[in-house]
Amino acid sequence: MSNQDFIADFRSRIKAVRPTRWVRFAIVSLIFFLWVAWLGSWWVAIFWLLLADIYITGYIPFTWWKKSKNPAVRAVMGWVDAIIYALVLVYFVFTFIGQNYQIPSSSLEKSLLVGDYLWVNKMAYGPRVPNTPIHFPLVQNTFPILNTKSYLETPQWSYKRLKGLGTVKRGDIVVFNVPAGDTVALKYQNPDYYTLVRMFGREAVRNNPQTFGEIIWRPVDRRENYVKRCVGLPGERLSIVDGVIHINGEAIPQPENVQFNYYFQLRGRGMSDSDWEELGISVEDRHNVSLGREDASSLRALGFMINPDGTIPPVYASPMTKAMVEKLQANPDIAKVMQVPAQPGDYLFPEGIADGWTRADYGEIWIPAKGATIELTPENWLIYQRAIRDHEGNHDARLVNGKVYIDGTPRDTYTFKMDYYFMMGDNRDNSLDSRYWGFVPEDHIVGRPERVLISFDKDKSLFNGGIRWNRIFSGVPD
């Protein structure tokens with residue numbers, strides 16, 4: 001085709017476009033360029049030419065199937081076209097605006113409940129440009145049934161966050177990719193790979209795929225999503241004293257629904273289903289403590305009841321809020337209520353530093369801040385090695401004879417490239433959080449839950465209280 005023929009064909013295509021299509025094209029173009037400006041990567045604007053061809057010129061035969069004489073082809077391709085369009089729309093909404101997430105564990109009860117489906121606002125802190133741009137938008141990392149990756153590891157884009165409505169504040173409930181999810185033993189994802197290594201040794205975990213499964217690496221945005229409360233901000237010093245969080249040496253208020261584990265015992269009877277339900281304790285949190293006659297003397301000293309024949313009436317253990325404990329203590333049948341004491345040896349973070357710490361008496365530990373500089377002492381290396389090596393890309397960093405080497409050069413100091421956060425669950429004694437796997441880097445932050453879309457109680461049937469109607473479209477509490 002000559003240049004003159006091309007120009008004539010181009011003009012004829014332009015003239016054939018209906019006015020309503022021009023209006024649609026103008027609206028889509030405006031939205032596209034606003035998105036490009038938000039993205040801050042103007043090279044992406046070249047894809048406007050593709051939009052122009054889709055709406056105006058039609059050189060690329062996207063709709064070839066509409067001219068097919070075969071009705072089956074038109075019917076099938078009509079569905080394919082609609083599905084692809086929907087998936088592209090979902091991809092952009094889930095990536096840049098918000099996404100639904102399910103609460104799988106009780107770490108934030110009673111603020112959020114197991115079975116809550118949340119709408120998470122990704123614009124709250126600014127959406128991330130995807131690390132793995134080619135991924136299926138409806139699953140996090142694995143296709144169900146097929147058990148194959150739902151993303152391609154190539155290309156990999158570097159971390160970039162678009163401008164958001166605000167920043168992470170203390171007390172915010174935050175959805176994030178769990179930092180310990182970078183390396184995964186597929187048959188043992190709880191506890192995480194690093195805890196398994198501490199428990200069994202690296203070689204045992206890596207050389208026993210029949211027990212632990214294949215060991216794989218996941219990009220930041222394809223790691224499992226966790227939801228916790230932010231309790232420590234960049235640059236702060238955090239400690240926990242007798243279950244109370246201290247920031248820079250000052251105690252901060254506990255969340256209203258904070259829970260701890262308690263032992264309790266009733267006089268002359270055990271707990272009925274109605275007793276449990278009245279307290280609001282889920283089935284998975286109802287624990288009967290296994291005790292024998294040899295425990296009688298120590299229990300008696302703590303104030304628990306012992307039968308005349310030396311047997312022990314049932315003793316239970318459950319997580320409870322302060323209000324739940326007060327309600328339990330008001331029951332005349334209650335013989336004893338006692339908070340479960342925390343014990344060391346829970347594989348707390350950081351290894352080699354936290355060996356004598358407990359969940360309830362933890363720290364003090366400094367949270368890294370962007371631009372802040374630390375001395376690279378052997379002790380600091382134990383605390384910050386994962387942040388320096390794994391999260392900030394210094395993959396060859398190592399400690400040799402008491403000296404830290406980065407890029408083969410000995411270093412006395414290190415300046416952090418990102419902000420970090422300390423995340424904890426409100427169900428303090430039943431939450432795998434920053435006390436176990438460390439700081440959450442800013443590039444792992446996903447968004448803030450804004451609303452409960454729907455909530456299911458897994459302890460009840462669907463038509464007998466299984467839907468928590470009072471939580472549908474309810475706001476997420478502070």
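Predicted model only: the values in this text are computed from it and were never measured. All heavy atoms count here, side chains included; hydrogens, waters and symmetry mates do not.
- Side-chain contact check for R389 and H395: no donor-acceptor pair (N or O, by modelled atom type) lies under 3.5 Å.
- Here the side chain of N208 pairs no donor or acceptor atom with the backbone of V205 at under 3.5 angstrom.
- With a 6.0 Å radius and a threshold of 12 heavy atoms from other residues, nucleotides or ligands, K458 has its NZ atom above the threshold.
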Checklist entry - Going through the distances and angles, do S298 and D295 end up as a side chain to side chain donor-acceptor pair (under 3.5 Å)? => result CA-CA 6 Å; S298 57; D295 300 304; 4.9 Å; no
Next on the checklist: Apply side-chain contact (heavy atoms from CB on, under 4.5 Å) to residues I445 and V440 and explain how you reach the verdict.
Outcome noted: CA-CA 8 Å; I445 301 293; V440 176; 4.0 Å; yes
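- Panel note: side chain N100, backbone L118; no donor-acceptor pair is recorded below 3.5 Å.
- Q265 places a side-chain heavy atom less than 4.5 Å from the side chain of M305.
- In this structure, Y188 and Y193 have side chains that are not in contact, with every pair of non-hydrogen atoms separated by 4.5 Å or more.
- A distance-only check finds a donor-acceptor pair linking the side chain of K187 to the backbone of Q210 [under 3.5 Å].
- Sorted by first then second residue, the salt bridge (Lys or Arg N to Asp or Glu O under 4.0 Å) pairs that include residues 421-435, not counting sequence neighbours, are R229-D426, R359-D429, D433-R435.
- A donor-acceptor contact shorter than 3.5 Å links the side chain of Q140 to the backbone of R223.
- With sequence neighbours excluded, the residues forming a ring-ring contact (aromatic ring centres under 6.0 Å, His included) with F349 are F439, listed by chain and number.
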Checklist entry - Hey, mind stepping through F212 and L196 against side-chain contact (heavy atoms from CB on, under 4.5 Å) and telling me if it holds? => result CA-CA 9 Å; F212 299 103; L196 289 173; 4.1 Å; yes
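- A distance-only check finds a donor-acceptor pair linking the side chain of R128 to the backbone of D443 [under 3.5 Å].
- Within 6.0 Å of CD in E375 there are 12 or fewer heavy atoms belonging to other residues, nucleotides or ligands.
- For the residue pair N141 and E224, a side-chain donor N or O sits within less than 3.5 Å of a side-chain acceptor on the partner.
- Counting only distance, with no hydrogens or angles, the side chain of K228 and the backbone of L432 share a donor-acceptor pair below 3.5 Å.
- Taken to the nearest 0.5 Å, the CD1 atom of I367 stands 7.0 Å off from the CG atom of L233.
- The nearest pair of heavy atoms linking P319 to N427 is CB-OD1, 3.3 Å.
- In this structure, K163 contributes its side chain and L39 its backbone to no donor-acceptor pair below 3.5 Å.
- Checked by atom type and distance alone, the side chain of S434 never pairs as donor or acceptor with a backbone atom of F422 at under 3.5 Å.
- When side chains are defined from C-beta on, Y159 does not count as touching H444, because their heavy atoms never get closer than 4.5 Å.
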N/O donor to acceptor pairs below 3.5 angstrom from side-chain atoms of residues 450-457, sequence neighbours left out:
residue	atom	partner	partner atom	Å
E450	OE2	N121	ND2	3.2
E450	OE2	R448	NE	3.2
E450	OE2	R448	NH2	3.0
R451	NH1	F473	O	2.6
S455	OG	D116	OD1	2.5
S455	OG	R468	NH1	2.6
D457	OD1	D459	N	3.0

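- More than 12 heavy-atom neighbours from other residues, nucleotides or ligands sit within 6.0 angstrom of CD on Q156.
- Under the salt bridge (Lys or Arg N to Asp or Glu O under 4.0 Å) criterion, the residue pairs touching residues 235-262 are R170-E236, with sequence neighbours excluded.
- Side-chain contact, N177 with Y226: no donor N or O sits under 3.5 Å from an acceptor N or O.
- Qualifying salt bridge (charged side-chain N to carboxylate O under 4.0 Å, His left out) partners for E442, counting only residues two or more places apart in sequence or in other chains: none.
- Inter-residue side-chain proximity for Y362 and I245 is flagged as unmet; no heavy-atom pair is nearer than 4.5 Å.
- Residues D172 and V174 meet the side-chain proximity criterion, which asks for heavy atoms closer than 4.5 Å.
- Among residue pairs with one or both ends in residues 131-157, those qualifying as salt bridge (Lys or Arg N to Asp or Glu O under 4.0 Å) are K149-E153; sequence neighbours excluded.
- A side chain to side chain donor-acceptor pair (under 3.5 Å) with D182 holds for exactly one of R218, R386, R222; it is R386.
- Remark: side-chain polar atoms of W437 are not paired, donor with acceptor, to backbone N or O of P179 under 3.5 angstrom.
- Checked by atom type and distance alone, the side chain of T132 never pairs as donor or acceptor with a backbone atom of I134 at under 3.5 Å.
- V120 has its side chain out of reach of N225: every pair of non-hydrogen atoms, C-beta onward, lies at least 4.5 Å apart.
- In this structure, the side chains of N131 and W157 stay at 4.5 Å or more apart for every pair of heavy atoms.
- Between the side chains of K160 and S41, a donor-acceptor pair is found at a separation under 3.5 Å.
- Partners of N380 under the side chain to side chain donor-acceptor pair (under 3.5 Å) rule, at least two apart in sequence or in another chain, do not exist in this structure.
- The aromatic ring centres of Y101 and W119 sit 6.0 Å or more apart.
- A 4.5 Å side-chain heavy-atom check between Q329 and F264 finds every atom pair outside the cut-off.
- Side-chain N/O atoms of T311 and N307 include a donor and acceptor closer than 3.5 Å.
- Under the 30°/60° scheme for interplanar angles, the aromatic rings of W366 and Y384 are found to stand perpendicular.
- For R198 and D192, the salt-bridge test fails: no basic side-chain N is under 4.0 Å from an acidic carboxylate O.
- Residues Y263 and Y316 keep their aromatic ring centres 6.0 Å or farther apart.
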Checklist entry - How far apart are the C-alpha atoms of I216 and T183, what are their side-chain angles, what is the distance that settles it, and do they pass the side-chain contact (heavy atoms from CB on, under 4.5 Å) test? => result CA-CA 6 Å; I216 66 167; T183 306; over 6 Å; no
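- With sequence neighbours excluded, no residue forms a salt bridge (charged side-chain N to carboxylate O under 4.0 Å, His left out) with K327.
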Item to check | Evaluation steps, side-chain contact (heavy atoms from CB on, under 4.5 Å), between L399 and Q385 | outcome: CA-CA 9 Å; L399 180 69; Q385 60 176 315; over 6 Å; no
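- In this structure, R202 forms no cation-pi arrangement with Y194, as its terminal cationic atom is not both closer than 6.0 Å to the ring centre and no more than 45° off the ring axis.
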Let me have the donor-acceptor pairs involving side chains of residues 81-95, under 3.5 Å, with sequence neighbours excluded, atom names and distances please.
residue	atom	partner	partner atom	Å
Y91	OH	P133	O	2.6
T95	OG1	Y91	O	2.7

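- Evaluation of the side chain to side chain contact (heavy atoms under 4.5 Å, CB included) rule for I281 yields W276, L279, D285, R286, S318, M320, M324 as partners, not counting sequence neighbours.
- For the residue pair Q259 and K110, no side-chain donor N or O sits within less than 3.5 Å of a side-chain acceptor on the partner.
- Not a single salt bridge (charged side-chain N to carboxylate O under 4.0 Å, His left out) links R161 to another residue, sequence neighbours left out.
- E392 is linked by a salt bridge (charged side-chain N to carboxylate O under 4.0 Å, His left out) to nothing, counting only residues two or more places apart in sequence or in another chain.
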